[in-house]
Amino acid sequence: MKKIILFADTGIDDAIALIYALTHPEIDLTAVVAGYGNTDRDRSARNAAYLLKLAGRTDIPVIAGSTLPLSGETPVFFPEIHGEEGLGPISPPMSQEPFQRRTNFTKLFQLIKQHPDELTIVTVGRCTSLAIAWYLSPEVMKLVKETYIMGGAFLEPGNVTEVAEANFYGDPQAADFVCQNAPGLTIIPLNVTRDALLTPALVDFIDTRADTPLQQVIKPILDFYYEAYQQLEPGIEGTPQHDLAAVIAALEIPGMFSYVSKQVKVEDEDGYAEGLSIADFRPGVEECTGTGCARVAASMDIGAFTANVLDILTRD
Ligand code: RIB
Ligand code: CA
C-alpha cells in the first residue's frame with residue numbers, strides 16, 4: 001500500500017488524479033492539501049471535500065493550503081479551462097466556509113510524524129504549500145519518504161507562457177525552493193504530461209462503466225475540459241492528464257516512465273523567462289545525486305498509461 005498525501009489546486013485534471021487515487025486499491029490516500037491555482041484556495045478545498053464525500057471518504061482530511069504565491073501577488077485563476085467553480089459544469093452543493101481563513105498545517109505535520117518515512121507527497125499544483133511546510137518545519141518534512149511534483153517544461157514550450165509551465169510559473173520562488181531542497185524528488189514535467197491524453201472515446205468508455213457517484217463525475221468534467229482545450233489547442237485529440245500522470249508515476253510501475261537525474265532551477269525573477277525550468281541537458285553532462293538533484297521524467301509509455309487509467313477508473 002502506498003500512502004499518499006496529495007497537494008492539489010483542485011481543478012479538473014487534479015480531480016481526475018484525486019478520483020484515481022481514491023479508486024486505486026494500492027493507494028492509501030492519507031490527506032489532501034488544497035491550495036490556490038486553477039481556482040482559489042477555498043474552492044479548491046471545497047472541491048476536494050466534495051469528491052471525498054462522493055467517494056464516501058469523509059474520513060480523509062482536507063487541509064487548507066496556501067491562498068497566494070510566496071511573492072504575495074494576487075494569483076490568476078483559470079475559469080475558462082476549469083470552470084467557474086473549478087470542476088467544469090459542476091457546482092458542488094457544499095459550502096466553502098469550513099476552509100475560509102484556515103491555513104493550518106498542524107494536521108499535516110501530525111500525519112507525517114505518525115508515519116515517518118512512509119508517506120509520499122504528490123504535488124500537482126503550485127508548490128507554495130509544500131514550500132511553506134518546509135519553511136515551517138524542515139525537521140518534520142525530512143520524515144517524508146519521497147516527493148513527486150507535476151511541473152516544469154524541459155526543452156519544450158510552456159503552456160502558460162512561451163517558456164513556462166503553469167505550476168512553476170504560478171509560484172516560481174516556491175518551485176525553485178522545492179527543486180533545490182526537497183530530498184527524494186521526482187519531477188513529472190509538461191513535456192511528458194502533455195502526451196498523457198484521454199480522448200473523448202476513452203472518456204465515453206469509462207462513462208459506460210460509471211456506476212458510482214464518484215465515477216459519474218468523470219465524463220461531465222472531462223467533456224468540459226475537452227471543449228476548453230479545443231479553444232486552446234484546436235485539434236488536440238484529448239485532454240492532457242498532467243496531474244494523473246504524476247500520481248501514476250508515484251506508483252513506480254516498472255517501465256512506465258524513464259528518468260534522467262538533473263539539478264533543476266526555476267527562474268524566479270520578473271521577466272520573459274519567469275517560471276522557466278532549467279537543467280543541463282548538454283551531452284556529456286554527468287547525472288547528479290543527493291538533495292538538490294531530482295529525477296526528471298523524460299518519457300512515458302502512453303499505451304501502458306492508458307491501459308492503467310482505464311483499468312482503475314472502470315473498477316466496480
Ligand atoms: O501545467 C499543468 C498544471 O497546471 C496542472 O497541474 C493543472 O492542474 C494546473 O495546475
Ligand atoms: Ca493541478
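Keep in mind it's a predicted model, so treat the numbers as computed, not measured. Order of appearance sets the numbers: ligands from 1, and atoms from 1 within every ligand.
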Inset, instruction - May I ask you to establish whether R295 and Y259 are in a cation-pi arrangement, using a distance under 6.0 Å from NZ or CZ to the six-membered ring centre and at most 45° from the ring axis? - result: yes
Legend entry - Pair S91-E85, side-chain donor/acceptor within less than 3.5 Å: no
Legend entry - Atoms in ligand 1 with a heavy atom of N38 nearer than 4.0 Å: 7 (C), 8 (O), 9 (C), 10 (O)
Inset, instruction - Starting at CG of N167, measure out to CD1 of I188 and round the result to the nearest 0.5 Å. - result: 12.5 Å
Legend entry - Proximal atoms of ligand 1 relative to R126 (non-hydrogen, under 4.0 Å): 4 (O), 9 (C), 10 (O)
Legend entry - No-hydrogen, no-angle side-chain donor-acceptor test under 3.5 Å, Q230 and Y226: yes
Legend entry - ligand 1 atoms in contact with D14 (distance to a heavy atom under 4.0 Å): 8 (O)
Inset, instruction - Run the salt-bridge test on D28 and K3 with the 4.0 Å N-O cut-off and return the result as yes or no. - result: yes
Inset, instruction - Please identify which atoms of ligand 1 are closer than 4.0 Å to at least one heavy atom of N159. - result: 1 (O), 2 (C)
Legend entry - 4.5 Å side-chain heavy-atom contact, L310 and F205: yes
Legend entry - M150 and T193, any side-chain heavy atoms less than 4.5 Å apart: yes
Inset, instruction - Examine all N, O or S atoms of D13, backbone included, and report whether one is under 3.0 Å from the Ca ion (ligand 2). - result: no
Legend entry - Short N or O distance, V124 and ligand 1, threshold 3.5 Å exclusive: yes
Inset, instruction - Pick, from D13, I188, L244, the option with the minimum heavy-atom distance to atom 7 (C) of ligand 1. - result: D13
Inset, instruction - For atom 6 (O) of ligand 1, grab the closest protein heavy atom and report residue, atom and distance to one decimal in Å. - result: D243 OD1, 2.5 Å
Legend entry - Side-chain touch D316/D211, heavy atoms, less than 4.5 angstrom: yes
Inset, instruction - Determine which of the N, O or S atoms in D243 is closest to the Ca ion (ligand 2) and give its atom name. - result: OD2
Inset, instruction - Could you tell me if the ring centre of Y135 sits under 6.0 Å from that of F177? - result: yes
Legend entry - Single-linkage hydrophobic cluster, 4.5 Å side-chain cutoff, I236 and L232 together: yes
Inset, instruction - State the atoms of ligand 1, each with its element, that fall below the 4.0 Å cut-off from a heavy-atom position in A166. - result: 1 (O), 4 (O)
Legend entry - ligand 1 atoms in contact with D9 (distance to a heavy atom under 4.0 Å): 10 (O)
Inset, instruction - Starting from atom 4 (O) of ligand 1, locate the nearest protein heavy atom and write down its residue, its atom name and how far away it is, to 0.1 Å. - result: N167 OD1, 3.3 Å
Legend entry - Polar atom proximity, H82 to ligand 1 (N or O, under 3.5 Å): no
Inset, instruction - Give the ring-plane orientation class for Y20 versus H24, where under 30° counts as parallel, over 60° as perpendicular and anything between as tilted. - result: tilted
Inset, instruction - Answer yes or no: does an N/O atom from E165 fall short of 3.5 Å to an N/O atom of ligand 1? - result: yes
Inset, instruction - Could you tell me the angle subtended at the Ca ion (ligand 2) by O of V124 and OD2 of D14, rounded to 10°? - result: 90°
Inset, instruction - Using a cut-off of strictly less than 3.0 Å, determine whether A166 has an N/O/S atom near the Ca ion (ligand 2). - result: no
Inset, instruction - Quick one: report the N, O or S atom of D9 that is nearest to the Ca ion (ligand 2). - result: OD1
